[in-house]
Amino acid sequence: MQAKVEKLLFRLSELERQLSDPLTVSNLPLYKALTREHAYLNQIKETSVHLQRIEKELLQNQTLLLSEKEGELLALVKSEIASLEKEKLFLLKKLESLLVPPDPRDDRGVLLEIRAGTGGEEAALFVADCVRMYRGFADRKGWKIEILSASASDLGGYKEYIMGISGTGVFRFLQYEAGTHRVQRVPTTEASGRLHTSAITVALLLEPDESEQSPIDERDLTIETFRASGAGGQHVNTTDSAVRIIHNPSGLVVTCQDERSQHKNKAKAIRLLAARLIQQKEEEQHKAMSALRSEQIGSGDRSERIRTYNFPQNRVTDHRIDLTLYRLDQVMQGDLEELASALVSFYYQKKLSS
């Protein structure tokens, strides 16, 4: 790993020279590409420098430990060593993830669809929890979030929630969130304190980029307007602002009602429909190489799952990489970095081995 890091840091110094060259600055496409590469390599540099500092502090504490036989200082040194070793492990995993080469799609925006599966209202409440989790992760990463559609449940959860997420590394870190997520906890509505198991599904759609031709022909659409329902203020049930679009050739239907403006709801619905049509086309072309969306999200049954969230034990387990963390409370606040990075590394190594 160290040899690879040194090679990339040498490339970083070359990039810095190139970026200061007026000829590079005047070539906008080249300048943008080199700037993206520089940002990526700079993350590796910062993580590597941080890791070296932690390793140095760890060595100093281990040396100090040998000279201390008893007393409060000994306990303090042992505690510091345990903390530094934990941080070192985290940084090693982060560096391993960063060493996965960039994918052209890494910075593509995505549409994240979260739906309640098995479990009724409890599943809908967990959808709301996961919405907060992904919003928290997005805040930590500096990503932008836009609500496209939300269907509220009776107890304050969501039957369905669709949001657009954009920013640096969005697809890189979210691409493996698709699938069935299982939750185990005692619902607030459960008087006997019995543990319930529910499930939700997460699907991920790539936002069409500028180079992709829109798959939508307006003549193929049936556009209906209706009055919005649910939370939303005085405009609810007073204007026909909600929009339903039916793509007649495929039968796909999308609905948006979050905006007060019918025009804005239509624009969001068109974006969602375009993303679904592009994914549908890719699935048809690559059935042998990639999973279909129905396989990706599963049926929402409890027995199918990529991840389990166990609240009584404060435990989250990703079953694909056999990773268990006993800090579910932090994960639900948006601390998904370790899980996301581990998945990026795992699937890259799996790709290399195959």
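All residue numbers refer to positions in the sequence shown, counting from 1. Keep in mind it's a predicted model, so treat the numbers as computed, not measured.
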**Student:** Only pairs under 3.5 Å count here: list side-chain donor-acceptor contacts from residues 91-100, not counting sequence neighbours, and write none if there are none.
**Tutor:**
residue, atom, partner, partner atom, Å
K93, NZ, E338, OE2, 3.4

**Student:** Can you name the nearest heavy-atom pair linking N61 to V77, along with the distance?
**Tutor:** O-CG1, 3.4 Å

**Student:** Say whether, by atom type as modelled, one donor and one acceptor occur between the side chain of D318 and the main chain of R307 under 3.5 angstrom.
**Tutor:** no

**Student:** Is a side-chain donor-acceptor pair under 3.5 Å present for R305 with T180?
**Tutor:** no

**Student:** Please list all pairs meeting salt bridge (charged side-chain N to carboxylate O under 4.0 Å, His left out) that have one or both residues in residues 27-46, counting only residues at least two apart or in different chains.
**Tutor:** R11-E37

**Student:** Is the side chain of S341 donor-acceptor paired with the backbone N or O of E337 at a distance under 3.5 Å, no angle test?
**Tutor:** yes

**Student:** Within the side chain of S20, is there an N or O that forms a donor-acceptor pair under 3.5 Å with the backbone of R17?
**Tutor:** yes

**Student:** I'd like to know whether NZ of K4 has more than 12 heavy-atom contacts from other residues, nucleotides or ligands below 6.0 angstrom.
**Tutor:** yes

**Student:** For N42 and L12, run side chain to side chain contact (heavy atoms under 4.5 Å, CB included): C-alpha distance rounded to whole Å, both residues' side-chain angles, the deciding distance at 0.1 Å, then the answer.
**Tutor:** CA-CA 7 Å; N42 204 48; L12 178 62; 4.2 Å; yes

**Student:** Does the separation of the ring centres of Y309 and F126 fall below 6.0 angstrom?
**Tutor:** yes

**Student:** Hey, are R185 and D129 close enough for a salt bridge, meaning a charged N less than 4.0 Å from a carboxylate O?
**Tutor:** yes

**Student:** Please check if the side chain of T47 supplies one atom and the backbone of Q43 the other of a donor-acceptor pair under 3.5 Å.
**Tutor:** yes

**Student:** Indicate whether any N or O donor in one side chain lies under 3.5 Å from an N or O acceptor in the other, for H319 and T308.
**Tutor:** yes

**Student:** Under 3.5 Å, is there a donor-acceptor pair between the side chain of E121 and the main chain of D154?
**Tutor:** yes

**Student:** Return yes if a side-chain donor-acceptor contact under 3.5 Å exists between Q18 and H38, otherwise no.
**Tutor:** no

**Student:** Please tell me whether S250 and H247 have a donor and an acceptor in their side chains that are separated by less than 3.5 angstrom.
**Tutor:** yes

**Student:** Output the rest of the hydrophobic cluster of L66: all Ile, Leu, Val, Met, Phe, Trp and Tyr residues reachable through side-chain heavy-atom contacts under 4.5 Å, sorted by chain and number.
**Tutor:** none

**Student:** Salt-bridged, R271 to E207, with N to O below 4.0 Å?
**Tutor:** yes

**Student:** For V253, which fellow cluster members are found when Ile, Leu, Val, Met, Phe, Trp and Tyr are connected by side-chain heavy-atom distances below 4.5 angstrom, either directly or through intermediates?
**Tutor:** I246

**Student:** Output yes when a side-chain donor or acceptor of T35 lies under 3.5 Å from a complementary backbone atom of Y31, and no otherwise.
**Tutor:** yes

**Student:** Identify, with sequence neighbours excluded, every residue that meets side-chain hydrogen bond (donor to acceptor under 3.5 Å, both in side chains) alongside S149.
**Tutor:** none

**Student:** Answer yes if the side chains of E122 and S198 hold a donor-acceptor pair under 3.5 Å, and no otherwise.
**Tutor:** no

**Student:** Do N310 and Q184 get their side chains close enough for a donor-acceptor pair, meaning under 3.5 Å?
**Tutor:** yes

**Student:** With sequence neighbours excluded, tell me which residues meet ring-ring contact (aromatic ring centres under 6.0 Å, His included) with Y326.
**Tutor:** none

